[in-house]
Amino acid sequence: MKKILILLLVVLMVASVAYAQKKMKIDTKNLPTLKGTWEGMLNFQINVNCPAKLEILNDTAPVKAKLTVTDIPAQITQMLGIQSGTHVMENNEGTLTTQGTIMWAGPTKNFMEFNLTGDKKGSAWFYYNGARGDMTLKKK
């Protein structure tokens with residue numbers, strides 16, 4: 001029993017190190033490589049997905065961005081109190097955080113945090129009008 005527990009702990013430690021290495025720190029040196037269009041899926045916490053496009057519009061801080069979300073299902077639009085269809089949100093105040101991410105904050109405590117996870121790969125998590133979720137993105 002002890003051997004199984006120790007083996008399990010070792011596996012968890014290796015997995016956590018591997019996960020931690022996936023995130024790459026964003027700083028002023030690599031910020032220019034992020035400029036452009038990132039596409040992927042936005043996943044709401046209730047396991048509902050819809051296409052998303054994040055456009056990083058400049059290569060200096062504050063980071064300007066535009067997020068376009070399409071095909072939002074009716075259950076999400078009702079929950080958020082928004083109209084169906086395509087939604088475009090822009091923010092010109094993205095800041096580089098000490099954790100090596102970009103954070104865009106909006107009114108009423110809405111925010112999105114972007115992580116670089118590999119070459120031309122990123123992820124983000126967000127809070128919007130009471131809904132939480134995440135995104136996986138690839139640079140086009």
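The analysis underlying the following values was restricted to heavy atoms, covering all of them including side chains, and did not include hydrogens, waters or symmetry mates.
N92 contributes no side-chain N or O that, together with a main-chain N or O of P62, makes up a donor-acceptor pair within less than 3.5 Å. A donor-acceptor pair under 3.5 Å links the side-chain atoms of N30 to the main chain of K25, judged by distance alone. Judged by distance alone, the side chain of W104 and the main-chain N or O of E90 form no donor-acceptor pair under 3.5 Å.
Within a 6.0 Å radius of NZ in K139, more than 12 heavy atoms belonging to other residues, nucleotides or ligands are found. No more than 12 heavy atoms of other residues, nucleotides or ligands lie within 6.0 Å of NZ in K120, so this atom counts as exposed by the packing criterion.
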Would Q99 and N115 satisfy side-chain contact (heavy atoms from CB on, under 4.5 Å), going step by step from the backbone distance to the final call? CA-CA 9 Å; Q99 293 80 27; N115 301 290; over 6 Å; no
How far apart are the C-alpha atoms of F126 and F44, what are their side-chain angles, what is the distance that settles it, and do they pass the ring pair (Phe, Tyr, Trp, His ring centres under 6.0 Å) test? CA-CA 9 Å; F126 65 89; F44 288 94; 5.7 Å; yes
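Residue L137 is not grouped with residue W125 when hydrophobic side chains (ILVMFWY) are merged at heavy-atom distances under 4.5 angstrom, including chains of intermediate members. Residues Y127 and M135 do not share a hydrophobic cluster, clusters being chains of Ile/Leu/Val/Met/Phe/Trp/Tyr side chains in contact below 4.5 Å. In the hydrophobic cluster analysis, where Ile, Leu, Val, Met, Phe, Trp and Tyr join through side-chain heavy atoms closer than 4.5 angstrom, M24 is grouped together with L96. Under the 4.5 Å side-chain heavy-atom criterion for ILVMFWY residues, no single connected hydrophobic cluster contains both M103 and V63. By the rule that hydrophobic residues join a cluster once side-chain heavy atoms approach within less than 4.5 Å of another member, M89 and I102 end up as members of one cluster.
Contact check for N91 versus M112: no side-chain heavy atoms found under the 4.5 Å cut-off. Two residues are said to be in side-chain contact when any heavy atoms from C-beta on lie closer than 4.5 Å; I76 and I46 meet this criterion. Considering only heavy atoms from C-beta on, I72 comes within 4.5 Å of I82 through its side chain.
Sorted by first and then second residue, the salt bridge (charged side-chain N to carboxylate O under 4.0 Å, His left out) pairs involving residues 46-67 (not counting sequence neighbours) are E55-K66.
Remark: D119 CG to K138 NZ distance equals 11.5 Å, nearest 0.5 Å. For the atom pair CG (L67) and CG (L54), the distance works out to 6.0 Å, reported to the nearest 0.5 Å. To the nearest 0.5 angstrom, L57 atom CG is 8.0 Å from K35 atom NZ.
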